Novice: 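Below you'll find the structure I mean.
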Amino acid sequence: MKDRPMVPRADFRSYYGRPIVRPAVWHHDIAAYLFTGGLAAGSAMLAAGGDATGRPALRRAGRVTALGALVASTYFLVNDLGRPERFHHMLRVAKPTSPMSMGTWILSGFGAFAGAAAVAEAAPLLPRPLGRLLGPVGTAGQYAAAVTAPALATYTAVLLADTATPSWHAAYPELPFVFAGSALASGAGVGLIAAPPRESAPARRMAVLGAAMELYGAHRVETSKGILSEPYTQGRPGKLLRAGRTLTALGTAGALLGRRSRVVSALSGAALLAASLATRFGIFEGGIASAEDPKYTVVPQRERLAQRQQQHKQG
Amino acid sequence: MAEAHPVGFQYVVEAKNRGAKIIHVDPRFTRTSALADEFVAVRAGADIAFLGGVINYILSNEKDFREYVVAYTNASMLVSEEFQDTEDLDGLFSGYDTELNVYDQTSWQYAGQRAEGQEEDEAHADRETASGLEQESHGPPIPADVPRDLTLRDPRCVYQILKRHYARYTPEVVEQVCGVPQDAFLSVCEAWTSNSGRERTTALVYSVGWTQHSVGVQYIRTGAIIQLLLGNMGRPGGGVMALRGHASIQGSTDIPTLFNLLPGYLPMPHHQQHETFRDWVDAIRNPEQKGFWANAEAYAVSLLKAYWGDAATEDNDWGYGWLPRLTGDHGTYQQVLDMIDGKIKGYFLLGQNPAVGSAHGKAQRLGMANLDWLVVRDLFMIESATFWKDGPEVATGEIIPAECRTEVFFMPAASHAEKEGTFTQTQRMLQWREKAVDPPGDCRSELWFFYHLGRRLRERLAGSTLDRDQGLLNLTWDYPLHGDEPSGEDVLREINGYTTADRELVPGFASLKADGSTACGCWIYSGVFKDGVNQAARRKPGREQDWVAREWGWAWPADRRTLYNRASADPEGRPWSERKKYVWWDPDKGEWTGYDVPDFEKNKPPSYRPPEGATGVAAISGDDAFIMQGDGKGWLYAPSGLIDGPLPTHYEPVESAVANPLYGQQANPTRKRYDRADNPMNPSQSAVYPYVFSTSRLTEHHTAGGMSRQLAYLSELQPEMFVEVSPQLAAERGLEHLGWATIVTARAAIEARVMVTDRLRPLRIDGRVVHQLWLPYHWGNEGLVTGDSANDLIGITLDPNVLIQESKVGTCDIRPGRRPTGPALIAFVNDYRKRADGSQ
Amino acid sequence: MGVRTWIEGWPVYRQLTGTDPLGRGAASQSARSKNLTARTETADSMARSVCPYCAVGCGQRIFVKDGEVVQIEGDPDSPISKGRLCPKGSASKSLVTSDRRQKKVLYRRPYGTDWEELDLETAMDMIADRVLAAREETWEDRDEDGRPLNRTLGISSLGGATLDNEENYLIKKLFTAMGAIQIENQARI
Amino acid sequence: MGANSLYGPLDPAPDAGYVDAPPRMGFFTDTSVCIGCKACEVACKEWNGVPDDGFNLLGHSYDNTGGLSANSWRAVAFIEQPAVVPAGPVDALAEAAAGRSDALAEAGCGGAGTTREPEFLGMPGTDLPGRTPDAPRTDFRWLMMSNVCKHCTHAGCLDVCPTGALFRTEFGTVVVQEDVCNGCGYCIPACPYGVIDQRKDDGRAWKCTLCYDRIGDGLTPACAQACPTQSIQYGELDELRARAAERVEKLKDQGARLYGHDPDDGVGGDGAFFLLLDEPEVYGLPPDPIVATRDLPAMWKRAGLAGLAMAAAVAVSFLGGRR
């Protein structure tokens, strides 16, 4: 009890300083999943774009990364479960009120499509009859995955926002844009790493657009939420989000300026991936920090009550 | 009450919801105070000053319920001229013998008494054998024609004596002695008096911690005096309710495993006072006296017939010769000191844990270390069973296992669910428990253990012609077995009593005879098996009965729920008020009737006056509501029966932080003392032990923790031993919330976590600051959660009337940090004691 | 289990076909939840008892199944407690069924450093012998003036106040007949 | 699927598909008669076999449970409120920060308001008029309250549960089905009161079931039956709400207010609501809880927009300059 944090004078009361809402019990697996989910979505869109515009390197990298990220995502999700052996219970219901339920179905669908697309990549190695059949299936899967990718990338934002964790919920208008931008940047990153300069133009543009979206979203989250922005600017979450921002800037700059150099492109791709990871961890930990201190529950709610009573008086 | 009797407290909440005012007087703000309308912080040990102040308020404002007081109390009786009050003798009554520290009570008698009051040696014997109060009006016969002044103005009448005795207990004095601000005190007096009288009654509730003072019995007397003055006794919503702490503590004094009593409060014979059967019986029933004790011979003979059956005949005084005799104090604390001195061979512990449950833990453990053998019967491995292995003295080296000769038998016991039988709860109600399951493994009930022990003893002594063995051999011990133990119901039948001829169960104690034709294990329980039905097992749901709910369980005596309820009607037998009617005289039917079993002879009219020279029950007149009293009246003034005086007087606790502001006499002069080196007392007003401490319970634990610190669900609610201190004391001594503190007295030093709380407040007593701290006494070194025992701090000094230890108030020091361990602890305590004695 | 019943058991199917499209109630109730029942209703027997802790004397109902106590709760019929219990009374099941309860006779020999197990009957015989020995060694027939004492001060006893009246009666009867007057009880502590 | 299925006043059981459901059952916890005995905590654990929560002295007055958790489905809160409270509510921690000597600052002042140095002589402080909430009090007060799951009309935990382990019972209560829960943990941050929690060694989420097995057989929940002073009352929710409305009127002068009784509040009203004697946050309760599901449609819209933005970005990226 001795080393209780000395909270600056704040005008609110609490029960011995104990949390009011309960911080999420997820391990960092879930933060990692936010990243790999976004990466899978971004890669799938990259693959589709690449295929559609005749850029085989982008297609191949996109498809393979999408599947890889998907497998990683599945591992993270199942490993985080309190009862991993009951992971299939996720498919027991389809509940519109549960973003995670919707997400499970999205992920399952996407998984099938991205899986087919990725397998199709290996078609040449397989005996002819099977190989021929795979081609179109792979393509269909690829485009289906690309169509579901935006949902995959943004449902996780709704998932976090649909909680009583103050700073997650307050960020619901912008969080989807952060995650969408982050997914795009990740996808672009893959493109920058995997594709030769001649094919990497779309990846560059994608990186810029993704970065812009992510930075705009993150900026809004870190500044416009009043007291609920604090957790995103202090402590580890603050460091992570600042790191994310710098890495995004570097990545984007690298993407634009390093058009010629394969090495610079790869480096900027890596930076973008790292940025996305940092941003995800920052948002994850920032939200949890906002649940651990009762101030972030009581003060905003007191203000909201006061406003409502004000309106009530005037109304 | 909310702390230790939460389910009983529902009625306080219900009363509060109906508009009752709840006042809680306690040294510390407890969970009861949280629900009370008013909390009055009082200094521990100053209760008589506070209640004496209330009496002063009542008498000086003439707010007593005059009709009730004149009719039903001895307010009008005149006391002999020789009587001198504590006002005259600076804290002593007349008749004090400085050598024996006891009173010659002859000067206390009513006026015109034959000079037969109890001399000091008899009083001394009574203190030693805790028998002062036994028959409630033990002592000299009270002739019917005691001079009385019904106008209550004669200076020698009890009313005026009471007035003079408490004249100095003014609100100012109460503030000075108890630390209670005058406005708070007057608010209590106002509430108590305005809510008493014809239309309204006030209840006084205390927990038996009140009896754990050197003046404990007088605390309760003061409460009783107030309730008599305000006419609250024997009436619904009034009376004095004692909240006992254990399932059958009332049962344990009714059918007493106590050294000084036989079942039904008959005294164990004393080698001098009751040498013969006739001495013994007449000492109980006081032939010339009125009151129900007059039939004591029938109760005594019936008990002896129950013990010795046919072997008890008229010519061997019903086997009286086989009863062992007392010679003095054989109480538990005397026994422990005898154990230390090596005088005692064997010790049985039957679901009791003295190592941490009795006062002066070290003495308890050292005593047990000097026994030949110890038998512990309990559910769990308690501290008293492992004193030789991991007790505190093993840590300090005072007990070395390899050198401790005590042979220990741990005999696992059956729980309450694994045996049938009755508990007697705090309203004298017997409730039968049905047996749910068989006890596991070697666990056995006490019925099993003692029946088979008795069987083995009798088998080993069979054929012996030694006198000393005849008592055992002639004992009625042939109980039929159900499974491998006697049936509880058979024993309860014996307790109820039966006619010896045809073993017919008797309906009640009125049917008991002194001619040996009836046997009865406990006369006050007679009627529990009326009509051959186990009345204690009655379970008519409460909601199908009236508020007295008399068809649930069985209350002694005679299933009466409120004692002395004759007083709920006026002298003419009419209820004092429609609102508070309870028992009244029905002139048409010519009998007493009401919501309860009338505590009066059914058909004796209120107009009845005893003929000249009548004695016993016949001497009780129609308006003598207190039928057990020798004069049929409620005693404001106790001419006999109390070792430490006819009127409660404020004495400081034996260990006090202040000098007695009211009298030169500091502490109770007649208290039972054990002045020995191994029972040191803190010198009063000692700068070395400057703080007052009190101990009591938490809701979550049970006494010394044997039945709660072994259970996870209770241990997690209060996991560690702690001490509560006020913020001011914490600042003065540098104690930190949740830090450690060591509390020291002349006996021991213990450690506890610190809880700083505003629920304790410093008080201004007699012009200076007195800090009070509070300790729970639930901890010990066995169980899921362990800690030091608060009872180690407490010395052995007893109330003279009932020999109960003063463990609710003492002085100590407190300092931050944990206590020393190992031998250093002994040195630490001794150093404190030397400094205290030195700086006297 | 037929495919049909499996499908019908699948909450998503029940969402689509039943009255709970959002899957927040009837649709997602499992078979186990549907068949839940209180163990007091399926107990073999119920004993009417009284709480062993304080002296209020709250009524308790002890439910037993297959010879084991499965629940102890308040007795709503009791006019004293109306089915209510305090924390200690509520913990009665833990008290009775605790695995920390001693179930074997244990014996510590003089100067011993640990417990040994002992058979119940043997222990009873050893105790009986010791009682008689102590009694004999310390017996007092008469006091110095020849008045009868008829007692032993060699044996002590201290009882808790959770003993039944019937037990107290046998204890007092036996000790008194044996001349052992030094028996005491928590009523005085 | 009714109008207020996601938000607003609603009778939850029929809305959750129960045809002719029994009346909605719930708890009314009147903290003005709570004596902090914790019988509810023990009775609940004995009935439901809830493991103990560790033996830790917390120093929160007599609360060593530390609030609701997977191993404490009832948790009694204790708040010691000193007699003199300065005008504004100030947090004890802040007081500590103001450098008052540690012992005094941490004096068990229960976090709710704190003392300036109480003037000595037994009755600190002047005798200030009246006792309305947050107005200075003239005497010490010890608040106690048995906290429990709120069984909300709109239950955040239930809404977000992806396996249907959390479900609405026919009695309108909210229960975790231990045979279904896979420990995904989503219900835990979703609860606006911080009630439900994951049991460490078991992995699943646990909380009060309002004794679903007992009430199914017409019995009273274990805590309500044990509660010595009927601070915890079990019954039909409408009846309890009527009774509470009467009760709060009687105790107006003590600062009594109802909490969670109003069907128009942020969770559609609670199935287990309270009568409190001070602000909710003093007991560790949120002053204005709102179920996140209220904003779910808006959230999906935002996600949709972001998704479209993504698609557009990708399209632009690839269709842009042919190079």
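To find a chain, count down the sequence lines: A is the first, B the second, and so on, and within it residues start at 1. Worth saying up front: this structure is predicted, and the values here are computed from it rather than measured.
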Novice: With a 4.5 angstrom heavy-atom cut-off, could you sort out which part of C:T138 is near chain B: side chain, backbone, both or neither?
Specialist: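 Looking at C:T138, just its side chain touches chain B.
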Novice: Within the structure provided, determine whether B:T476 and C:K173 are in side-chain contact (heavy-atom separation under 4.5 Å).
Specialist: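 Yes, side chains in contact.
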Novice: Do the side chains of B:R468 and C:E140 get close enough for a salt bridge, i.e. N-O under 4.0 angstrom?
Specialist: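 No salt bridge links B:R468 with C:E140.
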Novice: Please check: side-chain N/O of C:K88 versus main-chain N/O of B:T699, any donor-acceptor pairing under 3.5 Å?
Specialist: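 Looks like yes, one N/O pair under 3.5 Å.
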Novice: Under 4.0 Å between a side-chain nitrogen and a carboxylate oxygen: does that hold for B:R456 and C:D129?
Specialist: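 A salt bridge is absent here (no side-chain N lies under 4.0 Å from a carboxylate O).
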Novice: Where does B:L262 contact chain C at under 4.5 Å (heavy atoms): side chain, backbone, both or neither?
Specialist: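 Both the backbone and the side chain of B:L262 come within 4.5 Å of chain C.
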Novice: Which region of B:L714, side chain (C-beta onward) or backbone (N, CA, C, O), has a non-hydrogen atom less than 4.5 Å from a non-hydrogen atom of chain C, or is it both or neither?
Specialist: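 Only the side chain of B:L714 comes within 4.5 Å of chain C.
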Novice: Evaluate the side-chain proximity of B:I344 to C:L153: yes if any heavy-atom separation is below 4.5 Å, no if none is.
Specialist: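 The answer is no, as the side chains (C-beta and beyond) never meet within the 4.5 Å cut-off.
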Novice: Please classify the contact of B:Q212 with chain C as side chain, backbone, both or neither, using a heavy-atom distance under 4.5 Å.
Specialist: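 The answer is the side chain of B:Q212.
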Novice: Any side-chain donor-acceptor pair under 3.5 Å between C:D164 and B:T422?
Specialist: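 No, B:T422 and C:D164 have no side-chain donor paired with an acceptor closer than 3.5 Å.
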Novice: Once the angle between the rings of C:Y107 and B:F409 is folded into 0 to 90°, is it parallel (under 30°), tilted (30 to 60°) or perpendicular (over 60°)?
Specialist: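 Geometry flag for B:F409 against C:Y107: tilted rings.
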Novice: Could you tell me whether C:D125 and B:R460 have a side-chain N and a carboxylate O separated by less than 4.0 Å?
Specialist: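 Between B:R460 and C:D125 there is a salt bridge, with a charged N closer than 4.0 Å to a carboxylate O.
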Novice: What part of B:Q545 gets within 4.5 angstrom of chain C, counting heavy atoms only: side chain, backbone, both, or neither?
Specialist: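 Answer is neither: B:Q545 stays 4.5 Å or more from chain C.
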Novice: Drop me the distance from C:L174's CG to B:Y307's OH, to the nearest 0.5 angstrom.
Specialist: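 With rounding to 0.5 Å, CG (C:L174) is 10.0 Å from OH (B:Y307).
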Novice: Which answer fits C:R142, side chain, backbone, both or neither, if we ask what part of it has an atom under 4.5 Å from a heavy atom of chain B?
Specialist: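 C:R142 has no heavy atom closer than 4.5 Å to chain B.
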Novice: For the backbone of C:G59 and the side chain of B:Q431, can you confirm whether one donor and one acceptor N or O come within less than 3.5 Å of each other?
Specialist: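 No, B:Q431 side chain to C:G59 backbone: no donor-acceptor pair under 3.5 Å.
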Novice: Using only atom types and a distance under 3.5 Å, with no angle test, would you say the side chain of C:K172 pairs donor to acceptor with the backbone of B:L261?
Specialist: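 Yes, C:K172 side chain to B:L261 backbone: donor-acceptor pair under 3.5 Å.
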Novice: Checking heavy atoms, do the side chain of B:A4, its backbone, both or neither come under 4.5 Å from chain C?
Specialist: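 Interface part for B:A4: backbone (N, CA, C, O).
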Novice: Please look at B:W547 and chain C and tell me whether the side chain, the backbone, both or neither of the residue comes under 4.5 angstrom of a heavy atom of that chain.
Specialist: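 When you check distances to chain C, no heavy atom of B:W547 falls under 4.5 Å.
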Novice: Using the rule given for side chain to side chain contact (heavy atoms under 4.5 Å, CB included), can you reason through C:V50 versus B:H416, listing the C-alpha separation, both sets of side-chain angles and the distance that settles it, and then say yes or no?
Specialist: CA-CA 8 Å; C:V50 176; B:H416 76 292; over 6 Å; no
Novice: Determine the option with the most heavy-atom pairs under 4.5 angstrom with chain C, choosing from B:H701, B:K343, B:R539.
Specialist: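 Looking at each option in turn, the highest pair count goes to B:R539.
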Novice: Inspect the contact between B:R325 and C:D143 and indicate whether a charged nitrogen and a carboxylate oxygen are less than 4.0 angstrom apart.
Specialist: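 No, no charged N to carboxylate O under 4.0 Å.
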Novice: Heavy-atom distance under 4.5 Å to chain B: side chain of C:E121, backbone, both or neither?
Specialist: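 For C:E121, heavy atoms of backbone and side chain both lie under 4.5 Å from chain B.
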Novice: Within the distance-only criterion (no hydrogens, no angle test), does the side chain of C:R101 pair as donor or acceptor with the backbone N or O of B:A413 below 3.5 angstrom?
Specialist: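 Yes; judged by distance alone, with no hydrogens or angles, the pair exists.
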Novice: How long is the span from the CG atom in B:D442 to the CD atom in C:E117, to the nearest 0.5 Å?
Specialist: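 That separation rounds to 8.0 Å.
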Novice: Taking every non-hydrogen pair under 4.5 Å, which of B:W477, B:W322, B:Y713 racks up the most with chain C?
Specialist: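 The answer is B:W477.
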Novice: Any side-chain heavy atom of C:R108 within less than 4.5 Å of one from B:T386?
Specialist: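 Contact flag for C:R108/B:T386 side chains = no.
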Novice: Take C:L170 and B:L447 through the side chain to side chain contact (heavy atoms under 4.5 Å, CB included) test and state the conclusion after the steps.
Specialist: CA-CA 7 Å; C:L170 283 198; B:L447 275 187; 3.4 Å; yes
Novice: As an exercise, state the distance from CH2 of B:W388 to OG1 of C:T113, rounded to the nearest 0.5 Å.
Specialist: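 Taking CH2 in B:W388 and OG1 in C:T113, the distance rounds to 7.0 Å.
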Novice: Would you say the side chain of B:F380 lies within less than 4.5 Å of the side chain of C:Q102, judging by non-hydrogen atoms?
Specialist: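 They are not in contact (no side-chain heavy atoms under 4.5 Å apart), so the answer is no.
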Novice: Under the criterion side chain to side chain contact (heavy atoms under 4.5 Å, CB included), which of C:C51, C:C58, C:C54 is the partner of B:V7?
Specialist: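 Option passing the side chain to side chain contact (heavy atoms under 4.5 Å, CB included) with B:V7: C:C58.
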Novice: B:L326 versus chain C, heavy atoms under 4.5 Å apart: side chain, backbone, both or neither?
Specialist: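 Both backbone and side chain of B:L326 come within 4.5 Å of chain C.
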Novice: Do the charged groups of B:K419 and C:E166 touch, with an N to O distance under 4.0 Å?
Specialist: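 Not counted as a salt bridge, because no side-chain N and carboxylate O are separated by less than 4.0 Å.
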Novice: Is it the case that B:E494 and C:Y169 place a side-chain donor and acceptor less than 3.5 Å from each other?
Specialist: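 The answer is yes; a qualifying pair exists.
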Novice: Is it the backbone or the side chain of B:L430 that comes under 4.5 Å from a heavy atom of chain C, or both, or neither?
Specialist: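 Just its side chain gets close to chain C.
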Novice: Quick one: what part of C:V64 sits under 4.5 Å from any heavy atom of chain B, side chain, backbone, both or neither?
Specialist: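 Side chain only.
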Novice: Need one label for C:F175: side chain, backbone, both or neither, based on atoms under 4.5 Å from any heavy atom in chain B.
Specialist: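 For C:F175, side-chain heavy atoms alone lie under 4.5 Å from chain B.
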Novice: Do C:N185 and B:L350 have side-chain heavy atoms sitting under 4.5 Å apart?
Specialist: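 Sidechains of B:L350 and C:N185: no contact.
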Novice: Measure distances from B:T703 to the heavy atoms of chain C and classify the residue's part below 4.5 Å as side chain, backbone, both or neither.
Specialist: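 For B:T703, the contact with chain C is made by the side chain alone.
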Novice: Got C:Q182 and B:D338 here, is their nearest side-chain heavy-atom distance under 4.5 Å?
Specialist: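 In short, these two side chains touch, coming nearer than 4.5 Å.
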Novice: Side chain, backbone, both or neither: which part of B:F449 has a heavy atom under 4.5 Å from chain C?
Specialist: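 Looking at B:F449, backbone and side chain both touch chain C.
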Novice: For B:L711, which atoms come within 4.5 Å of any heavy atom of chain C: side chain, backbone, both, or neither?
Specialist: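 Contact with chain C is through the side chain of B:L711 alone.
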Novice: So which part of B:L475 gets closer than 4.5 Å to some heavy atom of chain C, the side chain, the backbone, both or neither?
Specialist: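 B:L475 touches chain C through side-chain heavy atoms alone.
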Novice: For B:F259, does its backbone N or O pair with a side-chain atom of C:E184 as donor and acceptor, under 3.5 Å?
Specialist: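 Pair found, side chain donor or acceptor close to backbone of B:F259.
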Novice: Any ion pair linking B:E434 and C:R48 (charged N to carboxylate O, less than 4.0 Å)?
Specialist: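 Looking at C:R48 and B:E434, the cut-off is not met.
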Novice: Using a strict 4.0 Å threshold on nitrogen-to-oxygen distance, state whether B:K345 and C:E137 make a salt bridge.
Specialist: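 So B:K345 pairs with C:E137 through a salt bridge.
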Novice: Are the side chains of C:N168 and B:S252 in touch, meaning some heavy atoms are under 4.5 Å apart?
Specialist: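 Yes, their side chains come closer than 4.5 Å.
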Novice: Answer whether the closest heavy-atom distance between the side chains of C:L132 and B:L457 falls below 4.5 Å.
Specialist: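 With C-beta onward as the side chain, the pair touches.
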Novice: Are the side chain of B:Y525 and the backbone of C:N165 linked by a donor-acceptor contact shorter than 3.5 Å?
Specialist: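 Side chain of B:Y525 to backbone of C:N165, a donor-acceptor pair under 3.5 Å: no, none is there.
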Novice: Examine whether an atom of C:S98 lies under 4.5 Å from a heavy atom of chain B, and if so say whether it belongs to the side chain, the backbone or both; otherwise answer neither.
Specialist: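 Answer is side chain: those atoms of C:S98 sit under 4.5 Å from chain B.
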